[in-house]
J.: 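Let me begin by handing over the structure; questions about it come next.
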Amino acid sequence: MAEPTERRSTKRYYLMCRPTHFEVSYAINPWMNPDKPMDAGLALAQWERIRDLYLGFGHEVSYIDPVEGLPDMVFSANGATVIDDKVLIAKFRHQERAAEADAYRAWFADRGYGEVLVPEHVNEGEGDFAPAGRRVLAGAGFRSDPVAHEELRAFFGLPVVGLTLTDPRFYHLDTALCVLDDDLVAYYPAAFSEESREVLRELYPDAILATRDDAEAFGLNAVSDGLNVVLTETATDLIDELRARGFEPHGVDMSELLKAGGAVKCCTQEIRHR
Ligand code: ARG
């Protein structure tokens with residue numbers, strides 16, 4: 001067998017939102033059940049664990065203040081997409097989350113980001129938009145409007161690859177695909193349309209294909225810095241495969257945030273500088 005590729009971590013800047021007001025009080029994806037008990041203290045400890053891992057890797061983390069009445073705001077990946085310091089704010093599909101967009105707009109404006117676009121079409125930030133090198137993979141099917149892909153392309157001036165999600169359990173691109181480095185991804189083929197699978201096969205012949213169990217465990221909702229990959233610890237085949245490819249996987253327990261249909265990546269927005 002060939003030697004695993006030499007992997008290198010690059011310093012990242014993340015935006016996170018403490019799960020102070022986190023709860024499952026409505027259901028807007030198939031994982032959410034407001035009748036099921038959720039341990040808020042444990043949710044906070046799980047969130048702090050991933051934050052501490054990022055800090056331990058040498059990354060920088062900023063925080064946006066949680067807003068009462070916005071229980072899903074902990075999923076900061078959905079708030080915006082930032083590339084080259086340009087900020088495309090989200091516009092949420094569901095009324096329950098709509099007000100989060102304004103909190104993110106204000107956060108970036110207050111910090112002097114000059115190029116901030118409040119979009120016309122529905123896009124749920126990095127939930128559906130995954131920058132990969134100098135292209136952006138863009139999901140649609142459940143949340144982001146395919147028309148938003150054009151807004152994304154025009155704003156950043158980068159090529160956009162549209163991908164269609166077909167299984168409601170994998171309602172955001174980041175539940176079914178993870179960018180591991182500029183030209184390597186892991187994904188769960190069954191979450192995509194036949195055409196999108198073909199596109200992914202073409203673009204990423206060496207991609208890691210996740211098993212159904214690992215996808216259902218939200219293993220693909222992972223954060224990679226090029227070397228370290230933080231993901232749910234139950235995604236065991238994916239963890240083995242990442243190690244075989246030279247990455248350093250860090251398994252975490254996300255039991256409580258999973259009750260809202262989110263895991264590691266959902267809690268982590270990456271701010272990409274120029
Ligand atoms: N309950 C949230 C929703 O359905 C979870 C969002 C998860 N975030 C993500 N980036 N996939 O909108």
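Bear in mind that the values here come from a model prediction, so they are computed numbers and not experimental data. For the numbers below, each heavy atom of this structure counts, side chains included, while hydrogens, waters and symmetry mates do not. Every number for a ligand or one of its atoms is a count from 1 in the order of the listing.
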J.: Would you mind listing which atoms of ligand 1 come within a distance below 4.0 Å of any non-hydrogen atom of G127?
T.: 10 (N)
J.: Could you tell me which atoms of ligand 1, counted from 1 in the order shown, lie closer than 4.0 angstrom to a heavy atom of M32?
T.: 1 (N)
J.: For A260, counting its heavy atoms only, list the atoms of ligand 1 lying under 4.0 Å from any of them.
T.: 1 (N), 2 (C), 5 (C)
J.: Atoms of ligand 1 less than 4.0 Å from R143 heavy atoms?
T.: 3 (C), 4 (O), 12 (O)
J.: Test ring-ring contact (aromatic ring centres under 6.0 Å, His included) on H59 and Y14; report intermediate values, then the result.
T.: CA-CA 8 Å; H59 302 319; Y14 297 130; 5.6 Å; yes
J.: Check E126 against ligand 1 and report side chain, backbone, both or neither, counting heavy atoms closer than 4.0 Å.
T.: neither
J.: For T10 and R12, which I'm curious about, is there any donor-acceptor pair between the side chains at under 3.5 Å?
T.: yes
J.: Within a distance under 4.0 Å of any heavy atom of D72, pick out the atoms of ligand 1 and give their elements.
T.: 1 (N), 2 (C), 3 (C)
J.: Is the side chain of K86 donor-acceptor paired with the backbone N or O of F155 at a distance under 3.5 Å, no angle test?
T.: yes
J.: For Y171, counting its heavy atoms only, list the atoms of ligand 1 lying under 4.0 Å from any of them.
T.: 4 (O), 5 (C), 6 (C), 7 (C)
J.: For atom 7 (C) of ligand 1, what is the closest protein heavy atom, and at what distance to 0.1 Å?
T.: C266 SG, 3.2 Å
J.: Taking NZ, NE, NH1 and NH2 as the nitrogens, is one of them in D102 or R105 under 4.0 Å from a carboxylate oxygen of the other?
T.: yes
J.: When you check the gap from the basic side-chain N to the acidic O, do R134 and D84 get nearer than 4.0 Å?
T.: yes
J.: Can you report which non-hydrogen protein atom sits closest to atom 12 (O) of ligand 1, along with the distance?
T.: R97 NH1, 2.7 Å
J.: Within less than 4.0 angstrom of ligand 1, does F92 place any heavy atom?
T.: no
J.: Would you mind running through ligand 1 and noting each atom that sits below 4.0 Å from a heavy atom of D174?
T.: 9 (C), 10 (N), 11 (N)
J.: If you count every heavy atom of other residues, nucleotides or ligands that lies below 6.0 Å from E150 atom CD, does the total exceed 12?
T.: yes
J.: Tell me, with the steps shown, if W31 and F218 meet ring-ring contact (aromatic ring centres under 6.0 Å, His included).
T.: CA-CA 11 Å; W31 307 95; F218 266 63; 5.2 Å; yes
J.: Let me confirm one number: the CG-CG distance from L231 to D214, rounded to the nearest 0.5 Å.
T.: 8.0 Å
J.: Does one side chain, of H121 or D145, offer a donor that lies under 3.5 Å from an acceptor on the other?
T.: no
J.: Does ligand 1 have a heavy atom under 4.0 Å from the side chain of K265, from its backbone, from both, or from neither?
T.: neither
J.: Is there at least one pair of N or O atoms, one from N29 and one from ligand 1, spaced under 3.5 Å apart?
T.: yes
J.: Have a look at ligand 1 and work out which part of H94, if any, has a heavy atom under 4.0 Å from it: side chain, backbone, both or neither.
T.: neither
J.: Which one of T164, V199, L200, D167 satisfies the side chain to side chain contact (heavy atoms under 4.5 Å, CB included) criterion with F192?
T.: L200
J.: For ligand 1, which is the ligand I care about here, please tell me if H172 has any N or O atom under 3.5 Å from one of the ligand's N or O atoms.
T.: yes
